[in-house]
Amino acid sequence: MNFWDIGELYDLEVENKEQKNVQFISNQLIHGQAIYAYRDDTRNWVRIYTCSDFERNKKIYNIPISTIIEILMIASEDFPTKIDYEYCSKKQDYLVSTD
């Protein structure tokens with residue numbers, strides 16, 4: 001899939017609001033097949049469009065910069081001492097948990 005023009009691949013005019021957890025959003029950003037930063041009319045960065053390998057044929061996600069900042073603030077204040085990984089064949093991904 002060529003991501004040079006996301007407007008041709010995805011209908012950016014129609015939005016379906018979804019609640020996703022921090023792990024899902026982080027996964028989209030870390031494994032982003034395509035990541036596009038978007039500026040508003042004031043030329044301020046306001047959102048990122050991205051999708052991971054697993055999601056690219058379904059949809060692209062519009063993540064507000066404020067949400068990304070909030071996630072980074074949470075991560076910067078979290079100091080886990082233990083992390084567990086368990087592979088979930090149904091999700092074809094690892095389930096991660098911390099203390």
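All values below come from the heavy atoms of this structure, side chains included, with hydrogens, waters and symmetry mates left out. Only a predicted model underlies this, so the values are computations on that prediction, with no experimental measurement involved.
Counted within 6.0 Å of OH on Y85, heavy atoms from surrounding residues, nucleotides or ligands total 12 or fewer; the atom is thus considered open. The 12-atom threshold is not exceeded at CZ of R43, counting heavy atoms of other residues, nucleotides or ligands nearer than 6.0 Å.
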Please tabulate, for the side chains in residues 90-99, all donor-acceptor contacts under 3.5 angstrom to protein atoms that are two or more places apart in sequence or on a different chain.
from: D99; atom 1: OD1; to: T81; atom 2: N; distance (Å): 3.0
from: D99; atom 1: OD2; to: T81; atom 2: OG1; distance (Å): 2.3

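Taking each heavy atom of N62 and E15 in turn, the nearest pair found is ND2-OE2, 3.2 Å.
Annotation: the span from I74 atom CD1 to S26 atom OG amounts to 9.5 Å, rounded to 0.5 Å. Taking CZ of R47 as the reference point, atom OG of S66 lies at 10.0 Å (rounded to 0.5 Å).
Think of W45 as one node in a network of Ile, Leu, Val, Met, Phe, Trp and Tyr side chains linked at under 4.5 Å; its network also takes in V22, F24, I25, L29, I35, I48, Y61, I63, I65, I68, I69, I71, L72, M73.
Taking 4.5 Å as the limit, every side-chain heavy atom of K20 sits out of range of all side-chain heavy atoms of Q28.
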